[in-house]
Visitor: 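Just dropping this structure here.
Both backbone and side-chain heavy atoms feed into the values below; hydrogens, waters and symmetry mates do not.
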Amino acid sequence: MVLKRSFLNKEKTMLSVTCKAPVNIAIIKYWGKRHEELILPINDSISMTLGTNELCAKTTITASEKFQHNRMWLNDEELLFEEDSRLMRCLKGVQRLAHINGSQEASLCWKVHIASRNNFPTAAGLASSAAGYACLVYSLARLYGIPLTEELTTIARQGSGSACRSLFGGFVQWHRGVLDDGSDSVAEPVASAQHWPNMHVLILVVNDERKKTSSTTGMQRSVTTSQLIQHRVDKLVPERIANLKKAIKARDFQSFAEITMKDSNQFHAIALDTYPPCVYMNDVSHAIVNFVHTYNKTTGTVHAAYTFDAGPNACIYVLKENVAKLLAAIQKVFPTDSIDTVEYLRGLAVSPESNIEKNSDGATDNSIHTTAEHRKVNGMLNVQPKNLLKYIIHTKVGDGPCQLSDDNSLLKNGLPLSH
Ligand code: DP6
């Protein structure tokens with residue numbers, strides 16, 4: 001692999017890189033740590049990486065011998081860069097790795113200025129910390145010229161557990177590992193995005209302003225109070241991991257979908273078994289679950305699979321050829337007053353070809369509402385009150401992080417462009 005070096009200014013007193021990194025959504029959920037500080041999980045997890053055009057974190061890091069302190073701006077707001085923070089652990093971790101890799105560069109001692117932004121609203125509650133820490137660690141690796149290795153995933157893991165999976169594209173497994181120092185708790189690709197390119201996702205962002213228990217706090221509480229969690233860890237997850245990997249390798253959507261939905265339900269069952277319980281899904285989330293099961297029944301096969309993280313928003317996996325029909329049903333069941341379709345329906349365009357169906361006489365029919373199947377769907381699905389969804393994002397399986405050209409920089413002379 002040819003590594004693009006970081007940008008060095010003429011006087012060689014300043015280095016800078018800009019990168020982007022994807023969001024990932026867990027299919028088999030990580031929930032619970034065996035070591036808080038090193039962020040070592042109690043079970044393996046598998047996720048799918050989403051396309052960066054629709055959802056990504058972008059980060060610029062500038063190192064300079066002229067900087068007095070390390071500084072960081074997240075979405076234009078300056079954060080405290082504390083000595084014992086996850087942020088500092090990631091910075092020191094990559095610097096240590098660069099040193100071990102033989103880097104003698106003086107820039108390893110320079111202070112850094114970091115600016116990071118998400119290209120999606122934080123209100124979407126979508127694994128922004130995973131993309132953010134993956135982008136931070138990847139950008140630091142580019143800055144110091146070290147390659148993307150499994151070892152680098154152990155550093156991203158110490159920013160936020162799920163971040164280690166965002167260092168790769170496609171389908172990714174994070175191994176729990178058994179060693180006390182966490183060196184075997186690494187993320188590893190299971191299959192690339194190109195292996196299953198028609199795997200798409202609709203994210204239904206639910207109107208909900210309530211503050212939830214953070215994943216970090218929620219999982220701590222589950223580990224100490226849930227009586228079900230150990231059975232999940234010992235017995236259920238290992239079986240599921242093996243079966244999911246088989247389903248991904250064989251591009252078997254039926255098995256993939258069943259495992260995905262069952263694991264989401266089990267994770268939320270553990271959250272409820274926590275004392276006091278962690279309630280992440282709300283009534284709209286449950287209406288989405290019902291909708292997906294009813295919709296699958298009407299199609300006579302499984303076309304859609306939901307999963308929910310530590311919040312009420314749904315991620316629905318669906319193959320490309322079924323997106324238009326599913327979206328039409330979602331819009332029927334969850335109507336909106338939003339007249340601005342660009343704001344309401346974000347991300348990839350939905351190709352109209354997949355709406356075209358053959359009539360019994362073989363003629364094509366563009367109207368999704370006139371086919372027998374859709375009459376059936378319309379009959380079985382209960383229309384919900386208006387505006388339960390804030391908006392919908394359409395995306396698909398995507399690649400891992402990459403370095404961007406310098407004209408994408410979020411910093412100028414070490415300060416955010418907006419300042
Ligand atoms: C429900 O990675 O955000 O999304 O390691 O404490 O930062 P920390 O937690 P985090 O937890 C993610 C939990 C989850 C499931 C998953 O992504 O696997």
Side-chain angles (χ1 to χ4, degrees), residues 6 14-24 30 33 35-41 56-64 67-100 103 107-119 122 125-144 146 148 151-167 174 181-182 185-187 214-217 219-220 401 403 409-411 414-416 418-419:
S6 41
M14 197 181 259
L15 274 172
S16 198
V17 292
T18 301
C19 300
K20 65 174 177 175
V23 163
N24 74 79
Y30 144 56
K33 298 183 184 65
H35 192 296
E36 285 295 327
E37 196 163 302
L38 291 174
I39 311 199
L40 299 176
C56 76
K58 188 168 140 186
T59 301
T60 298
I61 307 185
T62 302
S64 171
F67 293 162
Q68 304 288 312
H69 308 281
N70 293 317
R71 295 177 75 182
M72 159 125 199
W73 294 263
L74 176 61
N75 295 324
D76 288 330
E77 280 196 29
E78 186 157 9
L79 304 179
L80 278 182
F81 211 119
E82 285 163 326
E83 197 44 44
D84 200 26
S85 59
R86 288 177 173 200
L87 190 59
M88 197 55 149
R89 248 171 262 154
C90 288
L91 174 61
K92 286 191 173 154
V94 183
Q95 287 175 337
R96 199 177 316 116
L97 202 59
H99 198 70
I100 295 167
S103 171
S107 59
L108 273 179
C109 307
W110 295 350
K111 300 287 183 207
V112 292
H113 284 190
I114 304 169
S116 190
R117 274 171 183 275
N118 300 325
N119 72 346
T122 355
L126 293 162
S128 51
S129 65
Y133 277 106
C135 206
L136 172 80
V137 166
Y138 185 80
S139 305
L140 286 166
R142 303 289 346 106
L143 188 80
Y144 301 126
I146 58 174
L148 171 53
E151 208 174 352
L152 198 65
T153 71
T154 67
I155 298 169
R157 188 198 75 217
Q158 294 175 61
S160 185
S162 51
C164 66
R165 300 184 311 232
S166 273
L167 282 177
W174 173 18
D181 69 356
S185 184
V186 295
S214 75
S215 299
T216 309
T217 313
M219 67 175 84
Q220 268 168 359
Q403 189 171 343
S409 180
L410 299 173
L411 293 170
L415 289 175
S418 55
H419 285 213

Visitor: When rounded to the nearest 0.5 angstrom, what is the spacing between CG in L143 and OG1 in T62?
Guide: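 That separation rounds to 8.0 Å.
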Visitor: Please assess T59 against K20 for the test side chain to side chain contact (heavy atoms under 4.5 Å, CB included), listing each intermediate value before the final yes or no.
Guide: CA-CA 6 Å; T59 301; K20 65 174 177 175; over 6 Å; no
Visitor: Keeping N24 on the side-chain end and R165 on the backbone end, is there a donor-acceptor pair under 3.5 Å?
Guide: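 No, because the side chain of N24 does not come within donor-acceptor range (under 3.5 Å) of the backbone of R165.
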Visitor: If we ignore angles and hydrogens, is there a donor and acceptor under 3.5 Å between the side chains of R89 and Q158?
Guide: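 Distance-only check fails for R89 and Q158.
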Visitor: Heavy atoms, side chains only, cut-off 4.5 Å: are R86 and T216 in contact?
Guide: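 Yes; the side chains approach each other to less than 4.5 Å.
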Visitor: How long is the span from the CG atom in L167 to the CD1 atom in I155, to the nearest 0.5 Å?
Guide: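 Going from the CG atom of L167 to the CD1 atom of I155 covers 9.5 Å.
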Visitor: Can you name the nearest heavy-atom pair linking A98 to Y144, along with the distance?
Guide: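 Smallest interatomic distance, heavy atoms only, reads CB-CB, 3.9 Å.
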Visitor: Verify, without hydrogens or angle tests, whether S160 (side chain) and A163 (backbone) share a donor-acceptor contact under 3.5 angstrom.
Guide: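 Pair absent, no side-chain N/O of S160 close to backbone of A163.
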Visitor: Report yes if the side chains of K33 and L40 come closer than 4.5 Å at any heavy-atom pair, otherwise no.
Guide: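 Heavy-atom side-chain distance check fails, nothing below 4.5 Å.
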Visitor: Is any side-chain heavy atom of K58 closer than 4.5 Å to one of N119?
Guide: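 The answer is no; the side chains never approach within 4.5 Å.
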Visitor: If every non-hydrogen atom of N70 is compared with every non-hydrogen atom of V112, which pair is closest and at what distance?
Guide: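 That would be OD1-N, 2.9 Å.
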Visitor: Is a donor on one side and an acceptor on the other found under 3.5 Å between the side chain of N118 and the backbone of N75?
Guide: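 Side chain of N118 to backbone of N75: no pair is present.
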Visitor: Check S166 against A130 and note the closest heavy-atom contact, atom names and distance.
Guide: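 Shortest heavy-atom contact: CB-O, 4.0 Å.
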Visitor: How are the rings of F67 and H113 set relative to one another: parallel (under 30°), tilted (30 to 60°) or perpendicular (over 60°)?
Guide: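 Rings of F67 and H113: parallel, under 30°.
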Visitor: Any idea which heavy atoms bring C164 and A156 closest together, and the distance?
Guide: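 Closest approach of C164 to A156: CA-CB, 4.0 Å.
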Visitor: Please give me the minimum heavy-atom distance between Y133 and C90, naming the atom from each residue.
Guide: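 Closest pair (atom of Y133, atom of C90, distance): CD2-SG, 4.0 Å.
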Visitor: Less than 4.5 Å apart, any side-chain heavy atom of W73 and any of L410?
Guide: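 Of all side-chain heavy-atom pairs linking L410 with W73, none is under 4.5 Å.
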Visitor: Check whether any side-chain N or O of S85 sits under 3.5 Å from a backbone N or O of F81 as a donor-acceptor pair, and report yes or no.
Guide: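 Here the side-chain-to-backbone pair does not exist.
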Visitor: Taking S185's backbone N and O only, do any of them form a donor-acceptor pair with R157's side chain (distance below 3.5 Å, no angle check)?
Guide: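 At least one qualifying donor-acceptor pair exists.
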Visitor: Please answer whether the main-chain N or O of A187 pairs with a side-chain N or O of T153 as donor and acceptor at a distance below 3.5 Å.
Guide: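 Such a contact is found between T153 side chain and A187 backbone.
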Visitor: Evaluate E78 against R71 for side chain to side chain contact (heavy atoms under 4.5 Å, CB included), listing each step before the verdict.
Guide: CA-CA 8 Å; E78 186 157 9; R71 295 177 75 182; 2.8 Å; yes
Visitor: At what distance, to the nearest 0.5 angstrom, does NZ of K92 lie from CG of L87?
Guide: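 One finds 11.0 Å between NZ of K92 and CG of L87.
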Visitor: I'd like to know if the side chain of H35 reaches the main chain of E37, judged simply by a donor and an acceptor atom lying under 3.5 Å from each other, with no hydrogens or angles considered.
Guide: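 Yes, the answer is positive, given that a donor and an acceptor are paired below the 3.5 Å cut-off.
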Visitor: Take atom CD in E151; do more than 12 heavy atoms of anything else shown fall under 6.0 Å from it?
Guide: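 12 or below, so no.
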Visitor: Any side-chain heavy-atom pair from L152 and L97 closer than 4.5 angstrom?
Guide: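 Of all side-chain heavy-atom pairs linking L97 with L152, at least one is under 4.5 Å.
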Visitor: Before you tell me yes or no, could you show the steps for E36 and Q220 under side chain to side chain contact (heavy atoms under 4.5 Å, CB included), namely the whole-Å CA-CA distance, both residues' side-chain angles and the distance that decides it to 0.1 Å?
Guide: CA-CA 9 Å; E36 285 295 327; Q220 268 168 359; 3.1 Å; yes
Visitor: What distance separates L411 CG from I114 CD1, expressed to the nearest 0.5 Å?
Guide: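 Separation between the atoms: 9.0 Å.
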Visitor: Quick one: does any side-chain atom of S107 pair with a main-chain N or O of W110 as donor and acceptor, under 3.5 Å?
Guide: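 Flag not set: sc S107 to bb W110 has no pair under 3.5 Å.
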Visitor: Taking atom CZ of R142 and atom CG of L148, what is their separation to the nearest 0.5 Å?
Guide: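 Rounded to the nearest 0.5 Å, the CZ-CG separation comes out at 9.0 Å.
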Visitor: Show the nearest heavy-atom pair for residues I61 and L136, with the distance to one decimal.
Guide: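 Minimum heavy-atom contact is CD1-O, 3.8 Å.
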